[in-house]
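Read through the structure below, which is laid out as structure tokens, and then see the notes.
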Amino acid sequence: MSFPLLTATAALPAVGAIATAAVPAERRTAAKWLALLVSLGTLVLGAVQLVRFEPGGDRYQLTESHAWIKDFGVRYELGVDGIGVALIALTALLIPFIIVAGWHDADPLETHSSRWRPTQGFFALILAVEAMVVLSFEATDVFLFYILFEAMLIPMYFLIGGFGDRAHEHGDEAAATQRSYAAVKFLLYNLVGGLLMLAAVIGLYVVAGTFSLDEIAAARASGSLDMATNTERLLFLGFFFAFAVKAPLWPLHTWLPNAMGEATAPVAVLITAVVDKVGTFAMLRFCLQLFPEASKWATPVIMVLAVISIIYGALLAVGQRDIKRLVAYASISHFGFIVMGIFAMTTQGQSGATLYMVNHGISTAALMLVAGFLISRRGSRLIADYGGVQKVAPLLAGTFLVGGLATLSLPGLAPFISEFLVLVGTFSRYPAIGVIATLGIVLAALYVLVLYQRTMTGPVKAGVQGMPDLKVRELLVVAPLIALLVFLGVYPKPLTDIVNPAVQHTMSDVHKKDPKPVVEAAQ
């Protein structure tokens, strides 16, 4: 039997989470190092997946299949396509940076020693989330994916509600109340979506008689599975609603600003750069592959919702006074671009959407983590409390600027090519939607540059004087992310070579071809 690489990539952080949680209470530093070593081991396994994956090979590779619940036809089936392996690599890459950035986020509070923060639990929960996210990118059994889709809510709930932003830690109950509200809102929104998905999963089994993605696809291709139009549409809506909440897509987005605002900066990155990608990934793998006709039927409405997300998120980001909520609304705008690219039903749009998932994860991690370092120094998330930071902490200001420029998709940085492909793919089929979506680019430049101007330039404010620059640990977090943004911005070919064959498979699932360019005859 060949080595079960996919299982090992998910099992290592799962076992590491248990081991980290079991470290004795007084050995907090040992727990941190154990979590970091486990995350680096997972990164190595993710890199091995990338090396072993053959872009021109079978659609799903490194497959594993074992009987699980025989009476209900549930199997432990794993396999990765180009999109899945790219997102697994993103997840495995970001988790070590998240752990290092949050190195002291769960230490006991010196001024409130009675409120001891369980350091071991914090890092164990991060590893547990990584295990579930990785396995969800690998699952090709619909029921297995559903279990993981719902299970990851539990550790995320405790990370948001139990380990809040210390900028609001003042020993009163207000911060705890805000954290609890954000955590419960996150949980309820996603649970409602998950319950609708559960009904759709059961309905799919009744219709298809199996949960296997490969078997359902083969049955559809052979004509032995012919869903009634209304049945397919209802099942599609059940799946899509759950994924739109996770994504998040307007108007199901309202949990995200609360969750990112109240969580620590590393956990905020975990939410938007890692966990939320499961929603957009699932739209490609499950909605389009299982329900191609319903996907085409719903496309006009989804495209409108996506462009609303783009403009709405950007407009609210412009008006924010809170740094972390600004990044949250910017992410809502970016997820609008991703969904728009997916449902544009063009190879450029879907390739751009997949690249956007990866590049948005890197750029948001860079910006949010530097913002977290800034907030930890000043003790405030309010933009008005900053000014002149570049004069006292030039490295911090410089990395903040690069992260911001990546967020607004500056040419030469990784998100640019993603956004360009999404817009090109959208223009070719929905020109009006494409024109409106370009306003999001203008607004992104506005909220990013205004944020930098208000926080980093001008006279040095009293609370900023004496602010230390980035430390070695913080530079080890930020520098590789910035290097990746530049490398993938200049040379995205390694990523496009991996994802393009998977996009071609998805386009064939929905029986769509790129529209031919219209060339007017010369006068």
Side-chain angles (χ1 to χ4, degrees), residues 59-60 73 81 83-84 139-143 145-146 149 193 196-247 249 252 279-307 338-354 422 425-426 428-433 501-516:
R59 180 172 190 174
Y60 295 113
D81 59 2
I83 300 170
T140 56
D141 183 277
V142 178
F143 188 81
F145 174 83
Y146 171 76
F149 186 82
L196 288 176
M197 182 182 169
L198 176 59
V201 168
I202 295 171
L204 178 66
Y205 179 74
V206 171
V207 173
T210 180
F211 291 112
S212 172
L213 196 60
D214 287 336
E215 291 179 9
I216 295 172
R220 296 209 67 147
S222 65
S224 59
L225 174 60
D226 185 17
M227 294 186 195
T229 300
N230 289 337
T231 300
E232 181 175 344
R233 290 177 179 179
L234 287 173
L235 295 178
F236 167 85
L237 290 174
F239 277 79
F240 180 79
F241 185 90
F243 303 152
V245 172
K246 182 84 76 179
L249 184 69
L252 307 172
T280 47
F281 163 80
M283 291 179 189
L284 281 165
R285 173 166 284 190
F286 296 101
C287 286
L288 269 60
Q289 187 172 347
L290 293 174
F291 316 109
E293 297 304 319
S295 297
K296 290 185 283 188
W297 162 75
T299 288
V301 174
I302 295 173
M303 293 294 284
V304 171
L305 295 179
V307 79
I338 295 172
V339 175
M340 187 175 74
I342 291 171
F343 285 89
M345 304 290 184
T346 59
T347 54
Q348 299 98 330
Q350 292 189 358
S351 294
T354 304
V422 167
T426 303
S428 63
R429 202 179 291 279
Y430 301 99
I433 294 290
V503 167
Q504 293 294 340
H505 283 298
T506 305
M507 290 290 290
S508 65
D509 289 335
V510 293
H511 309 292
K512 280 281 192 178
K513 295 182 178 180
D514 292 333
K516 295 181 179 180

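What you are looking at is a predicted structure, and each value in this text was computed from that prediction instead of being measured.
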(message) For a 4.5 angstrom cut-off between non-hydrogen side-chain atoms, does Tyr430 reach Val307?
(response) no
Margin query: Treating Arg285 as the side-chain partner and Ile83 as the backbone partner, does any N or O pair qualify as donor plus acceptor under 3.5 Å?
Written below: no
Asp81 and Gly84 have their tightest heavy-atom pair at OD1-N, 2.8 Å
**Request:** If the plane angle is over 60° it's perpendicular, under 30° parallel, otherwise tilted; pick one for Phe236 and Phe291.
**Result:** perpendicular
| message | Could you check whether Phe149 and Phe243 have their ring centres less than 6.0 Å apart? | response | yes
Rounded to the nearest 0.5 Å, the OG1 atom of Thr426 sits from the CE atom of Met303 at a distance of 4.5 Å
Heavy-atom nearest pair, Ala200 first then Gly238, reads CB-CA, 3.9 Å
- Query: Do Val201 and Phe286 have side chains that get closer than 4.5 Å, going by heavy atoms?
  - Reply: no
*asked:* For a side-chain contact (heavy atoms from CB on, under 4.5 Å) check, start with the C-alpha distance between Leu290 and Leu235, then their side-chain angles and the critical distance, and finish with the verdict.
replied: CA-CA 9 Å; Leu290 293 174; Leu235 295 178; over 6 Å; no
query: Got a donor-acceptor contact below 3.5 angstrom from the Arg429 side chain to the Met345 backbone?
result: yes
Sorted by chain and residue number, the side-chain hydrogen bond (donor to acceptor under 3.5 Å, both in side chains) partners of Tyr60 (sequence neighbours excluded) come out as Gln289
Here the pair of heavy atoms bringing Thr346 nearest to Ser428 is CG2-OG, 3.7 Å
Do the non-hydrogen side-chain atoms of Met197 and Phe241 ever get within less than 4.5 Å of each other?
no
**Request:** Would you please test Leu204 and Phe211 for side-chain contact (heavy atoms from CB on, under 4.5 Å) and show each step?
**Result:** CA-CA 8 Å; Leu204 178 66; Phe211 291 112; 5.7 Å; no
dist Leu284:CG -> Phe343:CZ (nearest 0.5 Å) comes out at 8.0 Å
Which of Gln350, Met340, Gln348 passes side chain to side chain contact (heavy atoms under 4.5 Å, CB included) with Val422? It is Met340
Full working for ring-ring contact (aromatic ring centres under 6.0 Å, His included) between Phe239 and Phe145
CA-CA 12 Å; Phe239 277 79; Phe145 174 83; 8.3 Å; no
Q.
Could you go through Trp297 and Thr229, starting from their C-alpha distance and side-chain angles, then the distance that decides it, and tell me whether this counts as side-chain contact (heavy atoms from CB on, under 4.5 Å)?
A. CA-CA 10 Å; Trp297 162 75; Thr229 300; over 6 Å; no
Sidechain-backbone polar pair: Glu232 side chain, Met227 backbone, donor-acceptor under 3.5 Å = no
Between Leu288 and Ser295 the two heavy atoms that sit nearest each other are CA-OG, 3.6 Å
Closest non-hydrogen atoms of Ala306 and Leu249, given as atom of the first, atom of the second and distance, are CA-CD1, 3.9 Å
dist Thr299:OG1 -> Ile433:CD1 (nearest 0.5 Å) comes out at 11.5 Å
Between Ala344 and Gly425 the two heavy atoms that sit nearest each other are CB-O, 4.0 Å
To the nearest 0.5 Å, atom OG1 of Thr506 lies from atom CD1 of Ile342 at 9.5 Å
Side chain to side chain donor-acceptor pair (under 3.5 Å) pairs touching residues 237-247, sequence neighbours excluded, are none
One should read off an interatomic distance between Tyr146 OH and Ile202 CD1, to the nearest 0.5 angstrom, of 8.0 Å
CD1 of Ile216 to CG of Asp141, rounded to nearest 0.5 Å, is 8.5 Å
